[in-house]
Amino acid sequence: MEEQKRYGHFDDQHREYVITDPKTPWPWINYLGNEDFFSLISNTAGGYSFYKDAKFRRITRYRYNNVPMDNGGRYFYIRENSPSTGGNWEEAWNPGWKPCKTPLDFYECRHGMGYSRITGKNGVEASVLFFVPLKKWAEVQKLTLKNESAEVKRLKLFSFEEWCLWNAATDMENFQRNFSTGEVEIETSPLEGLGGATIYHKTEYRERRNHYAFYHVNTEIQGFDTDRETFVGLYNEFANPDAVMEGRPRNSHAHGWSPIASHYIEVTLQPGESKDFVFLLGYVENEQDKKFIAPQVINKEKAHALIAELNTAEKVDKAFAELCAYWDALLNIYHVKTGNDKLDRMVNIWNQYQCMVTFNFSRSASFFESGIGRGMGFRDSNQDLVGFVHQIPSRARQRIIDIASTQFPDGGCYHQYQPLTKRGNNDIGGGFNDDPCWLIFGTVAYIKETGDFGILDEMVPFDNQPGSEVTLFEHLKISMDHVINNLGPHMLPLIGRADWNDCLNLNCFSWDPNESFQTTENVSEGTKAESLMIAGLFVVTAKEYVSLCHKLARLSSSQDTALAYEAEADRMAAAADAMTEAVKKHGWDGEWYLRAYDFYGRKIGSHECEEAKIFIESQGWCTMAEIGADEGMVAKSLDSCKKYLECEHGMVLNNPAFTKYIYEYGEISSYPEGYKENAGIFCHNNPWVIIGECIAGRGNDAWSHYAKILPSYVEEKYQTLHKVEPYVNCQMVAGKDAFRPGEGKNSWLTGTAAWMWYTVSEFILGIKPDYDGIRIDPCLPETATDYTVSRKFRDAEYEITIHPNGAQKGVKQIVLDGFAVEGTVIPYTPGRHHVEVVM
Ligand code: BGC
């Protein structure tokens with residue numbers, strides 16, 4: 001194996017990952033913004049910004065899969081002419097090394113919670129703090145230039161942003177129009193009462209858009225550019241723009257082509273002097289009747305107001321302190337001290353941070369997701385909730401309503417919806433038969449965290465159609481019914497277009513490379529393909545639904561309502577029993593659970609199959625559902641995962657990998673061996689088996705599977721091989737059959753984040769929110785030592801110390817504020833509490 005270099009390290013005290021070599025094996029990115037205004041930023045300042053929706057409101061332009069990689073971003077070009085340079089203007093350089101790639105004396109990128117600080121030194125030091133202040137539609141870039149030398153430094157500074165013409169998809173394809181629409185306005189210094197200079201991007205504002213963007217700097221400028229071709233030169237690159245190379249701006253005014261924003265500032269720094277410059281990339285929406293102040297002149301009132309809030313280093317520092325305090329509070333909700341740094345930093349910092357990011361973006365915008373193809377996934381966003389609900393329950397509540405509003409009256413739903421419009425995405429449609437179950441999963445997690453049963457009474461429409469509203473509880477009911485109403489020949493759930501595994505397309509039957517695997521159903525009539533993954537998911541979900549109904553019966557004010565809930569609980573318990581029996585009868589292969597039945601009723605994931613004899617998804621869900629536990633099925637299935645799926649980097653999705661395309665199976669067999677859904681380590685589903693292990697009480701096995709895909713363990717060993725960011729989970733790590741086992745892909749936006757959180761917080765460390773309190777039920781490796789979890793829960797705060805005493809599972813005694821508790825649930829009461837748990 002190649003030599004494993006290190007490109008950075010964790011700084012737990014500051015909750016940062018510190019990158020010390022700009023040439024990471026792949027751009028290592030961070031996310032800025034909490035709500036509405038968002039940015040992606042790489043360790044060399046590449047990336048882009050958008051408002052709410054990376055497709056429909058892209059503010060700055062970014063070209064994916066570029067050469068060189070990660071080109072385009074917010075760039076500062078610096079050139080120096082000082083006594084020691086002999087009166088010559090030195091080569092241009094950037095604090096983030098790219099795009100000029102001039103060698104630096106020092107480089108560092110610190111990715112923190114909602115901010116990144118990139119520092120470069122080349123004679124002078126240039127440090128840029130990037131963040132999106134809370135509740136502001138703007139990215140702040142605070143640049144500090146520092147002269148630590150004994151001589152006077154004279155500098156030319158050029159800023160740079162490239163505007164996207166709003167719709168990121170048409171921006172990349174409709175050039176016959178785009179090259180004629182671009183428009184800007186320029187306000188040079190001094191802005192009345194504000195100072196500084198602002199470049200406005202107002203393409204299409206003259207017609208239907210009521211929004212524009214701006215790029216401001218809080219100081220007087222000596223020039224600017226807004227036309228890309230003039231600034232860069234048609235045959236130059238970001239690395240050597242004409243204006244920078246010649247050291248003079250052109251004061252260009254863009255008319256069509258590609259508008260940009262660049263300020264030119266001349267700076268003199270005395271020995272020991274440092275200067276701050278605040279750049280602000282903002283977004284504004286105007287009311288229809290207040291769009292213009294004169295023909296063609298945009299109303300800048302809101303932009304000026306936003307600038308006034310953030311136009312000094314002091315104001316920016318205050319906004320930054322607020323952002324840090326916000327994260328302090330969020331990360332204090334669940335905090336563990338185990339003494340194992342690698343575990344603590346993931347639980348306390350990075351896993352929770354990634355959960356916020358996946359909640360915000362679902363699978364829409366990363367350096368692998370272009371922000372164009374996929375909005376918010378129905379199943380994805382429901383799962384993301386489980387990792388996020390403890391952080392900001394009110395936002396989780398709104399998300400549940402938004403998701404449920406994309407359902408149809410039969411319980412089916414759109415597979416995805418657009419974040420800006422909240423409307424279901426017609427291009428992909430519905431028909432993924434696992435989707436409905438996840439609504440119960442997300443909603444139950446929300447109610448257990450908050451005790452807010454009132455959400456079930458919210459009136460929620462179908463397909464966003466006004467007048468179609470029913471209660472959220474009714475949405476849950478039809479979600480369950482959707483499974484029951486769509487059973488196949490073995491009384492197992494019909495798979496539809498696919499279940500959780502988007503690539504198991506058993507009704508697709510495609511020989512045409514122009515067809516999409518996911519939306520093509522060449523044999524939908526009389527479809528018979530069935531899924532064991534949905535069967536297990538249904539049983540787990542039904543158990544939750546049944547206990548919710550019992551709880552609602554107890555809370556009911558009338559006897560009739562209580563009886564109705566009890567009857568509903570009985571109905572669903574019977575359905576779960578029937579499903580359990582169907583799995584035991586038709587879904588067991590002797591050593592593991594089958595994966596599916598294909599269109600012809602043939603087994604998938606069986607020892608009888610030539611390839612892909614065993615799949616992970618059904619092992620995870622059927623063991624979580626404890627189907628056939630008494631008959632030994634659960635233990636055998638978990639053992640088979642270890643025997644056939646596990647490898648050095650985690651558990652692969654299926655084994656052996658498919659080596660040829662099977663047209664009855666669809667996309668899954670289209671991937672080369674060991675990648676993605678064809679025997680890749682699809683990290684998302686490893687936690688399912690780990691939870692199965694925890695429920696079975698096998699703490700040693702649970703821990704060893706968990707540590708294999710825990711980023712902090714991987715970080716220590718394999719930064720070069722792993723390739724992608726070492727501080728978060730990625731969707732897929734190449735499996736044992738791949739060309740480079742262990743290589744990661746598709747970082748950041750993956751359900752792995754929420755599932756890793758759910759697994760470690762509730763099943764390994766064993767702190768599980770429940771309707772009436774917190775259930776304590778850890779499952780640990782024998783080597784675990786005493787640990788303490790501080791958990792804020794509703795209006796209470798618990799400090800829970802667990803004494804494992806070498807046990808893997810089984811709580812012997814719980815003492816709450818000095819009194820022994822019956823059972824394993826500490827009943828909820830507001831206030832501060834101290835809990836001792838003996839295993
Ligand atoms: C999708 C998930 C899906 C998974 C497995 C991901 O890319 O976002 O919805 O469950 O792939 O196919």
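Atoms considered below: every heavy atom in the structure, side chains included; atoms not considered: hydrogens, waters and symmetry mates. As the structure lists them, so they are numbered: ligands from 1, and atoms in each ligand from 1. Worth saying up front: this structure is predicted, and the values here are computed from it rather than measured. Positions are given from 1 along the sequence.
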Examine distances only and state if a side-chain atom of N655 and a backbone atom of Y644 form a donor-acceptor pair shorter than 3.5 Å.
yes
Which atoms from ligand 1 have a heavy atom of Q731 less than 4.0 Å away?
6 (C), 7 (O), 11 (O)
Donor-acceptor check, side chain of D53 to backbone of R57, threshold 3.5 angstrom: yes or no?
no
Among E677, Q518, E617, closest by any non-hydrogen atom to atom 12 (O) of ligand 1:
E677
Any N or O of D380 closer than 3.5 Å to N or O of ligand 1:
yes
Heavy-atom contacts with R374 under 4.0 Å: which atoms of ligand 1 show up? List them by number with element.
1 (C), 7 (O), 8 (O)
Ring centroid separation Y31 to F361 under 6.0 Å
yes
Sub-3.5 Å donor-acceptor pair from the side chain of K613 to the main-chain atoms of H607, do we have one?
yes
For W28, run the side-chain contact (heavy atoms from CB on, under 4.5 Å) check against S747, S42, P726 and tell me which one passes.
P726
Identity of the nearest option to atom 1 (C) of ligand 1, non-hydrogen atoms only, from N685, D502, N746
D502
Quick check on contacts: which atoms of ligand 1 are under 4.0 angstrom from a heavy atom of R379?
2 (C), 3 (C), 9 (O), 10 (O)
Just jot down the ligand 1 atoms closer than 4.0 angstrom to any heavy atom of F682, in number order.
4 (C), 5 (C), 11 (O)
